[in-house]
Amino acid sequence: MPDDIRTLFDETAIAARVEQMARDIAATDPQNLLVVAVLKGSFMFAADLVRAMHRVGLRPEMEFIHLSSYGAGTESREIRVLRDVESDVAGRDVILVDDILESGRTLAFARDRLTERGARSVHIAALLDKPMRRKSAISADYVGFDCPDRFVVGYGMDMGHKWRQLPFIGYVVQAPAADADV
Ligand code: IMP
Ligand code: MG
């Protein structure tokens, strides 16, 4: 383990939560299910979640949207679409998957976009929730873990493009300024 990273949620804990989230989603009996992963940070979580969904009998299709937020200061940040969903979402039950629900701006933007395109429902699965940072009126329907107010890395999440590959979620001791890459 890198010596400046402390473990917050280990592989075993993550795997157990992901399996439970898949069971919770399956219990709602979604129709024509489309999983939309928000790149880049959700790639590892989404990969595990769709496999867990398969194990509990769901047959989701998968899509990706790549968003980035930019602009100085958290209040003025805007969301830019770097790569959009290609599939038709009209009439479908959509699960929007992201790594962290923080201010909520990213997921509110993605949710509204899919709703405007006629999704039957849009539910949010966030691996981590930082409710103390919320700026938009949004909550996740499925949450992996409540996250302390720290900058976290690993399991897809980065700090300055580093640490996405870690198989666990950790935090950097003496972390520098937060990177806004989504
Ligand atoms: P927001 O909810 O629009 O503020 O955006 C949340 C996004 O910011 C997440 O999807 C992450 O990509 C990124 N982010 C927020 N907090 C962290 C963190 O602690 N580590 C890594 N990325 C983060
Ligand atoms: Mg993200």
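Numbers for residues simply follow the sequence, beginning at 1. Atoms within each ligand, like the ligands themselves, are counted from 1 in listed order.
Salt bridge status for Glu19 with Arg51: absent, with no side-chain N to carboxylate O gap under 4.0 Å. Salt bridge present: Arg92 and Glu61 bring a charged side-chain N and a carboxylate O closer than 4.0 Å. Electrostatic pairing of Lys40 and Asp158 does not count as a salt bridge here, judged by no charged N lying under 4.0 Å from a carboxylate O. In summary, Arg17 and Asp48 do not engage in a salt bridge, as defined by a charged side-chain N under 4.0 Å from a carboxylate O. Under 4.0 Å is where a charged nitrogen must lie from a carboxylate oxygen, and between Glu102 and Arg133 no such pair does.
Between the choices Lys40, Glu102, Arg164, Lys130, the shortest heavy-atom distance to atom 19 (O) of ligand 1 belongs to Lys130. Taking each of Ile100, Asp99, Asp98 in turn, the one with a heavy atom nearest to atom 18 (C) of ligand 1 proves to be Ile100.
At a 4.0 Å cut-off, at least one heavy atom of Asp158 sits close enough to ligand 1 to count as contact. A heavy-atom separation below 4.0 Å is not found between Lys135 and ligand 1. Heavy-atom separations between Ser103 and ligand 1 include at least one value shorter than 4.0 Å. At least one heavy atom of Gly104 sits less than 4.0 Å from an atom of ligand 1.
Short contacts between ligand 1 and Thr106, defined as distances under 4.0 Å to a heavy atom of the residue, involve ligand atoms 1 (P), 3 (O), 5 (O). Near Arg150, meaning under 4.0 Å from one of its heavy atoms, ligand 1 places the atoms 19 (O).
At least one N or O atom of Val152 sits closer than 3.5 Å to an N or O atom of ligand 1.
Considering only heavy atoms from C-beta on, Tyr142 comes within 4.5 Å of Ile25 through its side chain.
Looking only at distances, a side-chain donor or acceptor of Asp93 sits under 3.5 Å from a matching main-chain atom of Gln31.
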